[in-house]
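Just so we're on the same page: letters track the sequence lines, and every chain starts at 1. Computed from a predicted structure; not experimentally measured.
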Protein chains: 2
Amino acid sequence: MAQTDTVERILDAAESLFAEKGFSETSLRTITSRAKVNLAAVNYHFGSKNVLIQAVFTRFLDPFAEGLGKRLDHIESTGEEPSLEELISMLFIEVLRVKPRGQNDLKVFMRLLALAYAQAQGHLRKHLQAIYGHVFTRYFRLLVKVAPGLPENELYWRINFMMGSVIFTMSDFDTLNAISEAENGTTASIEDTLKRLAPFLVSGMRAPQPADLEK
Amino acid sequence: MAQTDTVERILDAAESLFAEKGFSETSLRTITSRAKVNLAAVNYHFGSKNVLIQAVFTRFLDPFAEGLGKRLDHIESTGEEPSLEELISMLFIEVLRVKPRGQNDLKVFMRLLALAYAQAQGHLRKHLQAIYGHVFTRYFRLLVKVAPGLPENELYWRINFMMGSVIFTMSDFDTLNAISEAENGTTASIEDTLKRLAPFLVSGMRAPQPADLEK
DNA sequence: ACCCGAACAAAACAAATGTTTTAAACACAT
DNA sequence: ATGTGTTTAAAACATTTGTTTTGTTCGGGT
């Protein structure tokens with residue numbers, strides 16, 4: 001075969017461009033020109049733009065889901081219950097472990113997640129749910145066991161509250177940081193912001209259940 | 001003039017379609033056909049699609065920002081400090097007060113907000129920041145006074161954590177609710193979910209400051 | 001040396017998009 | 001009733017989009 005880094009170059013370009021501008025706003029021509037690849041290469045290697053989008057996601061979600069699954073395996077085999085803090089920070093650690101390339105890949109990662117949610121309807125969500133739904137369910141079941149005596153459905157919503165905070169903050173980190181500088185003269189790194197997030201999330205998860213919903 | 005509900009009909013159709021599918025994914029032709037209006041009417045009344053997008057936002061953000069501003073006026077004039085709970089629920093109340101039409105407008109409202117954030121770069125964000133930045137700043141300053149002894153920059157990030165939870169959850173409410181039914185057999189109303197959000201957010205805001213960031 | 005299939009390049013295609021243009025219909029003041 | 005400015009209607013326009021087609025190049029196995 002010829003130099004088959006073509007596929008990788010397409011994925012790299014598509015990933016960053018999608019994160020910057022969204023899916024519909026990124027044309028195949030801008031992708032292929034940044035990747036220094038012929039236009040037809042996308043349809044040749046992937047078949048369609050939608051499949052390319054899915055491929056971008058699986059490339060960074062596959063190792064994440066696999067790593068998370070292994071941690072769940074280990075926990076289930078040893079039988080010892082982790083703390084709530086450990087369970088939450090497990091996600092952060094796994095995210096940080098996955099990123100192999102540059103500095104701002106965490107932002108790219110989060111922005112892609114945010115886009116996947118914002119662009120709710122359509123092929124992508126079903127695709128992600130079909131592939132990664134199982135691992136998420138396992139994580140959720142473990143969290144139900146560990147969490148402080150709240151019913152399942154309450155915990156389900158709190159997990160989504162958590163994910164909203166993380167994804168929203170990280171995906172718009174640059175903008176929020178710029179506003180922060182204008183507003184109170186300080187800037188923060190991504191790591192700082194993750195450290196700020198942890199106690200916020202843990203306290204939120206430990207909040208009492210709203211009285212009139214105890215069914 | 002002729003029946004000038006044309007503008008309103010365009011805005012109604014655009015609003016719901018944008019919330020469903022996003023901006024780029026919604027063509028002027030689908031908007032005008034749902035609104036039962038001629039294609040050229042959009043460019044005639046608004047000038048361009050971008051201006052239409054901005055108009056959709058100002059239509060529901062103007063009364064929101066105005067109502068919020070009046071509440072801030074009242075608080076500042078009386079001089080009494082509201083509690084953190086009151087300050088947070090103030091946002092919820094104002095959102096619920098604004099929506100004039102159908103049941104699912106809250107979802108539409110939140111989905112539009114989420115889209116505005118997801119489509120970070122570009123005309124929309126600057127436009128919103130230019131118009132509504134002032135009210136947001138006032139709210140922020142008040143929250144700094146009320147909040148439990150945390151530095152400004154810490155509070156700034158926590159506000160964004162809050163907004164992330166709310167916007168993310170509400171904008172994807174239907175999907176999350178469907179997953180909830182599949183996962184643990186229960187469904188929730190929007191009002192239930194807002195009630196669940198409140199203690200989560202309040203506890204998160206009251207969380208201790210991460211030790212290694214006390215600068 | 002030959003061949004075969006994979007990889008690339010260039011061009012063309014059909015469809016959809018935002019926008020503009022032209023003309024007709026309308027409301028309303030004079 | 002007439003005329004004027006506003007609103008709608010229909011068509012056309014120029015781009016841009018994803019995709020397909022056609023031809024070429026390259027590498028390795030027999």
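- With rounding to whole Å, Ile31(A) atom CD1 is found 15 Å from dT16(D) atom C1'.
- Partner Phe109(A) forms a ring-ring contact (aromatic ring centres under 6.0 Å, His included) with one of Phe173(A), Phe18(A), Phe60(A) and no other, that one being Phe60(A).
- For Val37(B), the side chain to side chain contact (heavy atoms under 4.5 Å, CB included) partners at least two apart in sequence or on another chain are Thr6(B), Arg9(B), Ile10(B), Ala35(B), Ala41(B).
- Between Arg138(B) and Asp73(B), at least one side-chain N (NZ, or NE/NH1/NH2) sits under 4.0 Å from a carboxylate O, which counts as a salt bridge.
- If you measure from atom CD of Glu25(B) to atom P of dG18(C), you get 11 Å, rounded to the nearest angstrom.
- Within the nucleic acid shown, Thr32(A) has no heavy atom closer than 4.0 Å to any nucleic acid atom.
- Of all the heavy atoms in Ala116(A) and Leu128(A), the pair that sits closest is CB-CD1, 3.9 Å.
- Applying the 4.0 Å criterion to OP1 and OP2 of dT17(D), one finds that Ser27(A) has a side-chain N or O inside that range.
- One interatomic measurement links the two molecules: CG of Asp5(B) to C1' of dT6(D), which rounds to 15 Å at whole-angstrom precision.
- Summarising the geometry, the separation between CG on Leu17(A) and P on dG18(D) is reported as 12 Å, rounded to the nearest angstrom.
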Pairs under 3.5 angstrom, nitrogen or oxygen only, protein versus nucleotides 19-24 of chain C, please.
from: dT19(C); atom 1: OP2; to: Asn43(B); atom 2: OD1; distance (Å): 3.3
from: dT19(C); atom 1: OP2; to: Lys49(B); atom 2: N; distance (Å): 2.9

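- Separating the NZ atom of Lys36(A) from the C1' atom of dA9(C) is a distance of 16 Å, rounded to the nearest angstrom.
- Rounded to an integer number of Å, the gap from Asn38(A) CG to dG23(D) C1' is 12 Å.
- Dashed line: the shortest gap from a side-chain N or O of His45(B) to OP1 or OP2 of dT8(D) is under 4.0 Å.
- Distance alone, capped at 3.5 Å, places no donor-acceptor pair between the Tyr44(A) side chain and the Leu39(A) backbone.
- Side-chain atoms of Thr169(A) come within 3.5 Å of backbone atoms of Ser165(A) as a donor-acceptor pair (strictly under, hydrogens ignored).
- Among the atoms of the strands shown, none is found under 4.0 Å from any heavy atom of Thr30(A).
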